[in-house]
Structure formats: structure tokens, C-alpha cells
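Written below as C-alpha cells is the structure these notes are about.
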Amino acid sequence: MQKTEANILIVDDDLDVLVSAQMFLKQMFSLVKVEQHPEKIPGLLETINFDVILLDMNFSKGKNDGEEGIYWLNRILELQPDAIVLFITAYGGIDLAVQSVKLGAMDFIVKPWKNDKLLGTIYTALQLGSSKKELKKIKSTQEIITQDINQHFEDFIGESVPMKNLFELIEKVANTEAEILIMGENGTGKELVAREIHKQSSRINEAFISVDLGAIHENLFESELFGHVKGAFTDAHADKSGRIEIANGGTLFLDEIGNLSVPLQMKLLSVLQQKKVCRVGSHKEIPVDFRLVCATNMPLKEMIVEKAFREDLYYRINTVEVEIPPLREREDDIPLLADFFLKKYSKKYHKEKLRISQSTMLKLQKYHWPGNIREFEHTIERGVILSEGNLVKLTSISSDYSIAKAKNREENLNLEEMEKKYILRALSKNKGNVTHAAKDLGIARTALYRRLEKYGL
């Protein structure tokens with residue numbers, strides 16, 4: 001007989017009751033724990049996540065008012081609000097047991113019991129617990145999804161050779177369980193690729209949970225990813241599921257993985273290897289099953305050499321690497337993208353008869369687009385907003401400079417001059433903050449320091 005995966009705790013001062021219940025139930029369930037002393041309950045709850053707890057109503061000799069049982073019921077629900085508790089009572093305590101159900105117990109079992117009755121009650125309790133957990137997961141998932149409700153993720157657009165190659169690779173890896181590392185410059189659409197992988201996978205009907213590691217403060221990282229229990233820290237007013245726990249069954253997308261500090265990389269690696277997570281403030285291990293997809297624009301191999309990224313984590317997240325081509329390598333897709341975004345923003349701003357001239361389109365194709373699709377979309381939107389008449393002119397698309405001239409200036413620079421220029425631009429943008437500048441440039445902070453020394457900046 002295959003055992004049901006469930007953790008059962010029985011707390012009763014009668015050793016005979018414990019022995020007989022354990023001998024019977026361990027044939028049916030993966031873990032059956034027994035305890036004579038109720039004061040050990042908090043310690044047990046800290047280390048094991050029990051699916052059902054059978055709790056005696058009286059522990060002291062001469063006691064039959066059920067106060068001890070009700071006290072421990074309240075303590076259990078305080079420590080684990082979603083606990084499923086079944087009271088164990090003698091026949092004479094049925095009225096009291098019925099009253100206790102109103103206080104939070106799910107049901108009660110009268111001793112001496114018949115084994116089939118005991119088993120049936122436990123299975124019913126497990127089913128209820130499973131439903132409660134599913135509802136809690138749905139609520140937590142909905143909260144995460146609501147945070148992204150205003151984000152609109154466009155379908156992929158592209159017929160160029162680089163994009164066709166990308167589509168073919170996505171199709172090959174999507175329906176596997178391989179960990180995927182998406183590489184690409186800022187603005188190329190790394191999250192779009194991650195969502196497409198999820199969409200084509202066997203986990204499509206489960207949650208897609210996205211985490212921008214570059215936007216999470218280091219102090220909040222563990223709480224955000226692993227969750228926390230009530231009282232774990234000052235603002236922990238209630239138990240909270242972490243993103244990893246919520247992604248159970250679905251896909252977990254970790255964007256900007258290169259921004260994770262080395263100590264946090266170790267904690268993440270431990271979760272990925274064990275497929276278990278502990279909420280902050282708890283020692284309970286919660287099993288998790290998710291498909292991992294990561295993304296970054298940072299040179300992880302270079303960071304490994306500089307001890308800024310763990311080599312073991314790199315190989316753990318990189319079963320298959322997916323490289324997204326920058327927009328400058330997709331010149332043939334520019335007209336398609338321009339038409340798509342022109343229609344989108346013409347409708348949004350009620351200028352639906354706008355068009356882009358052939359000469360303007362050629363200049364759009366010649367520009368190198370350092371901000372990739374994100375910059376291109378914003379450029380078309382700005383052009384629609386500033387347009388007069390039916391034609392979107394180049395002057396309205398680029399408010400600061402001529403795209404063609406900008407392209408020519410870049411072509412006249414040698415490699416070192418271009419690198420120096422971009423470093424100065426990044427430092428200026430970030431007001432001298434080397435960490436932020438390195439992030440924008442897509443290199444490690446130590447690598448930027450070397451270049452600063454090289455160019456005497």
C-alpha cells in the first residue's frame with residue numbers, strides 16, 4: 001500500500017493511545033509523530049509542518065473540563081493559524097468537544113475509536129487542509145499578479161533571422177524542466193522571453209511569478225523571496241508566503257540575477273538545491289516545486305572570475321542559455337515594430353491617421369538603439385505625441401538630436417573612445433555612483449573601477 005504524503009501529530013498523555021494510534025496510522029501516512037507532553041508542541045511546530053494534529057482535551061489527572069485542550073488549541077492556532085486540529089475526547093466530553101469546534105478545532109474523535117472512523121476523519125481533515133492551502137495560495141498569487149496588473153506584455157514581433165532562431169530555441173526548451181538563463185541587453189525583452197517559455201511549458205496553467213532582484217532592497221530579499229512568519233521582525237504583523245512558495249507548481253522568474261550579493265546567492269543556491277524553503281523566523285522546511293528562469297544583462301562569467309558571482313550558482317541556473325539579439329541586429333524588424341507601436345499609440349492618443357515616411361523609416365533602421373525595444377517604443381510614442389498633421393517626422397521622433405547624425409558620430413569613434421564615452425555618460429546619469437553606473441553598463445563594479453583607472457577618470 002502506498003502511503004499518503006502527510007505529517008500527523010498526536011498529543012495525548014495516555015501512552016497506550018499513542019502507541020496504538022501510531023502503529024495503525026504509520027501504515028497509511030508518511031510521518032506519524034506522537035507526544036505525551038503538550039508543552040513540547042511549540043518546539044515541534046517550529047521544525048515540522050503538520051498537516052493534521054490530534055489533540056487530547058485533558059492531560060492532568062482529575063481534569064475533565066477540557067481547559068487544557070482549549071489552551072493548547074489556542075497556542076497551536078497562534079503559532080500556526082491554518083493548522084487542522086482534531087480533538088480527542090472521551091464519550092462524556094462530547095458536548096465540550098462540540099463547543100471547542102467553535103473555537104477553531106476542525107472536528108473531534110471519541111475514544112476508544114474504531115480505526116476506520118479515525119482514518120476517515122483524518123482523511124476528511126487532510127482534504128479540508130488542502131483546500132485551505134489552495135485558497136491561501138490563490139490569494140497570495142492574486143496579490144502578486146495585482147501588482148503587475150497594469151503592465152502589458154506585447155506578443156513577440158519579428159521576422160528577422162536572429163528572431164526566428166530565438167523562437168526556435170524557445171520552442172525546444174520550453175516544454176522541458178531545464179533551468180534557463182536569459183542573456184540580453186537592457187530593453188531587449190527578457191521578461192517577454194521568460195513569459196513565452198512559461199506559456200509554452202507544461203506549467204502554463206500554474207502561476208508565473210516574476211521577481212526583479214535589482215529592485216528589492218537587500219534587507220527585504222529574504223522576506224520577499226522566502227516569506228516570513230508573524231513576529232519575525234518589526235513589521236511582520238502576519239504570516240506571509242514568499243515568491244518562491246507562491247511559484248510552487250509554476251514558473252519562478254528571477255530578473256537581474258547578477259545584482260544579487262554573494263551572501264544572498266548562497267541562500268538562493270541552497271533553496272534551489274534542496275527544493276525547500278524556510279520562511280524568515282521559522283525553522284519549518286516547506287517543499288517547493290517550480291521551473292526556474294533567470295535573466296541578466298551582466299557578464300556573469302567575468303563576475304565569477306572577480307568572485308562577484310558564485311560559479312556553482314551560475315551552473316545551477318544555466319542548463320540552457322538563451323541570448324536575445326539587440327535591436328541593432330534586427331534591422332529587418334524595424335518596420336514591423338514601427339507599425340505595431342504606431343498603431344498602438346495612434347489609437348491611444350486619438351491620432352489614427354498617422355504614418356511614418358520612407359526616409360524616416362530608413363533613418364530608424366540605421367540608428368543603433370542602445371536602449372533597444374524599450375527606447376524604440378518610447379521614441380515612437382513621443383513621435384506620435386509631438387506629431388502635427390498625418391506624418392510622424394524625424395524631428396518629432398528625436399527631440400535632442402538627429403538619429404542619422406548620432407549614428408555617424410558613433411561610427412567615427414574607435415572602440416576605446418566609445419567605451420570611455422559610455423562610461424562618462426553612465427557616471428553622469430548616476431551622479432558619480434559607481435555601483436549604479438556599473439549596473440547600467442552591464443558590467444561588474446570591479447570591472448568598472450579598472451576601466452576608470454585605465455582612462456584616468
Side-chain angles (χ1 to χ4, degrees), residues 1-133 229 282-287:
M1 178 187 294
Q2 187 173 358
K3 294 183 180 182
T4 300
E5 285 294 326
N7 298 334
I8 312 295
L9 173 63
I10 310 168
V11 187
D12 196 304
D13 63 325
D14 190 328
L15 186 58
D16 290 337
V17 169
L18 295 180
V19 171
S20 61
Q22 187 178 40
M23 288 182 64
F24 171 63
L25 295 176
K26 71 179 183 180
Q27 303 174 60
M28 316 295 177
F29 303 105
S30 55
L31 175 68
V32 179
K33 189 82 174 175
V34 295
E35 180 55 59
Q36 276 187 286
H37 308 288
E39 59 270 16
K40 293 185 179 179
I41 290 175
L44 289 168
L45 294 182
E46 281 185 7
T47 56
I48 302 174
N49 189 32
F50 291 103
D51 297 289
V52 176
I53 300 171
L54 281 69
L55 178 68
D56 193 15
M57 295 201 72
N58 299 291
F59 292 92
S60 301
K61 288 185 178 180
K63 279 277 191 178
N64 57 11
D65 55 10
E67 288 185 1
E68 291 175 311
I70 291 172
Y71 167 80
W72 286 110
L73 169 66
N74 290 330
R75 285 286 286 127
I76 290 169
L77 295 178
E78 181 184 328
L79 296 168
Q80 188 177 314
D82 56 351
I84 301 296
V85 180
L86 300 174
F87 265 130
I88 302 172
T89 183
Y91 183 79
I94 290 179
D95 290 341
L96 188 60
V98 171
Q99 294 175 22
S100 69
V101 171
K102 298 178 182 179
L103 300 175
M106 181 234 157
D107 203 345
F108 60 90
I109 298 169
V110 180
K111 56 182 178 181
W113 55 67
K114 292 184 178 180
N115 283 343
D116 57 347
K117 173 65 174 177
L118 172 64
L119 196 59
T121 305
I122 291 176
Y123 276 129
T124 300
L126 285 172
Q127 191 171 26
L128 175 64
S130 179
S131 298
K132 287 176 70 174
K133 287 176 182 177
V229 296
S282 171
H283 299 293
K284 286 182 190 173
E285 292 184 332
I286 303 171

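What you are looking at is a predicted structure, and each value in this text was computed from that prediction instead of being measured.
By the 6.0 Å contact criterion, NZ on K284 is enclosed, its count of non-hydrogen atoms from other residues, nucleotides or ligands being greater than 12.
Of all heavy-atom pairs spanning S282 and E46, the tightest one is OG-O, 4.2 Å. Taking every heavy atom of both residues into account, A105 and L73 meet most closely at N-CD2, 3.9 Å. In terms of heavy atoms, V11 sits closest to P38 at CG1-CA, 4.0 Å. For the residue pair L55 and G69, the shortest heavy atom distance occurs at CD2-O, 3.5 Å. In this structure, D13 and F59 approach most closely via the heavy-atom pair OD2-O, 3.1 Å. Residues Y123 and T4 approach most closely at OH-OG1, 3.6 Å, considering heavy atoms.
A heavy-atom distance below 4.5 Å is not found between the side chains of V52 and M106. Side-chain contact check for W72 versus V85: every heavy-atom pair is 4.5 Å or farther apart. Looking at heavy atoms from C-beta onward, D51 lies out of side-chain contact with I84 at the 4.5 angstrom threshold. A 4.5 Å side-chain heavy-atom check between I122 and L25 finds at least one atom pair inside the cut-off. Using a 4.5 Å cut-off on side-chain heavy atoms (C-beta onward), E35 and I41 make no contact. A 4.5 Å side-chain heavy-atom check between L119 and W113 finds every atom pair outside the cut-off. Residues K117 and T121 form a side-chain contact, since some pair of their non-hydrogen atoms from C-beta on lies under 4.5 Å apart.
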Next on the checklist: Using side chain to side chain contact (heavy atoms under 4.5 Å, CB included), reason through L44 and K33 one step at a time and then give a plain yes or no.
Outcome noted: CA-CA 9 Å; L44 289 168; K33 189 82 174 175; 3.9 Å; yes
Item to check | Working for side chain to side chain contact (heavy atoms under 4.5 Å, CB included), residues F50 and I10 | outcome: CA-CA 10 Å; F50 291 103; I10 310 168; over 6 Å; no
Next on the checklist: For L128 and D107: C-alpha separation, side-chain torsions, deciding distance, then whether side chain to side chain contact (heavy atoms under 4.5 Å, CB included) applies.
Outcome noted: CA-CA 11 Å; L128 175 64; D107 203 345; over 6 Å; no
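The backbone N or O of V110 sits nowhere less than 3.5 Å from a side-chain atom of T89 that would complete a donor-acceptor pair. With hydrogens and angles ignored, the 3.5 Å screen pairs a side-chain donor or acceptor of Q22 with a backbone N or O of V32. Put simply, the side chain of D12 never gets that close to the backbone of D56: no donor and acceptor are under 3.5 Å apart. Of the possible polar contacts, none joining the Q80 side chain to the L45 backbone as a donor-acceptor pair under 3.5 Å is found.
Ion pair K111/D14 not flagged as a salt bridge, since none of the NZ, NE, NH1 or NH2 atoms sits closer than 4.0 Å to an Asp/Glu carboxylate oxygen.
The CG atom of N7 lies 10.0 Å from the CG atom of L126; values are rounded to the nearest 0.5 Å. Taken to the nearest 0.5 Å, the CD atom of E5 stands 4.0 Å off from the OG atom of S30. Here the CG atom belonging to L54 is positioned 6.5 Å from the CG atom belonging to L118, to the nearest 0.5 angstrom. With rounding to the nearest 0.5 angstrom, the CE atom of M28 is 7.5 Å from the CG atom of N115.
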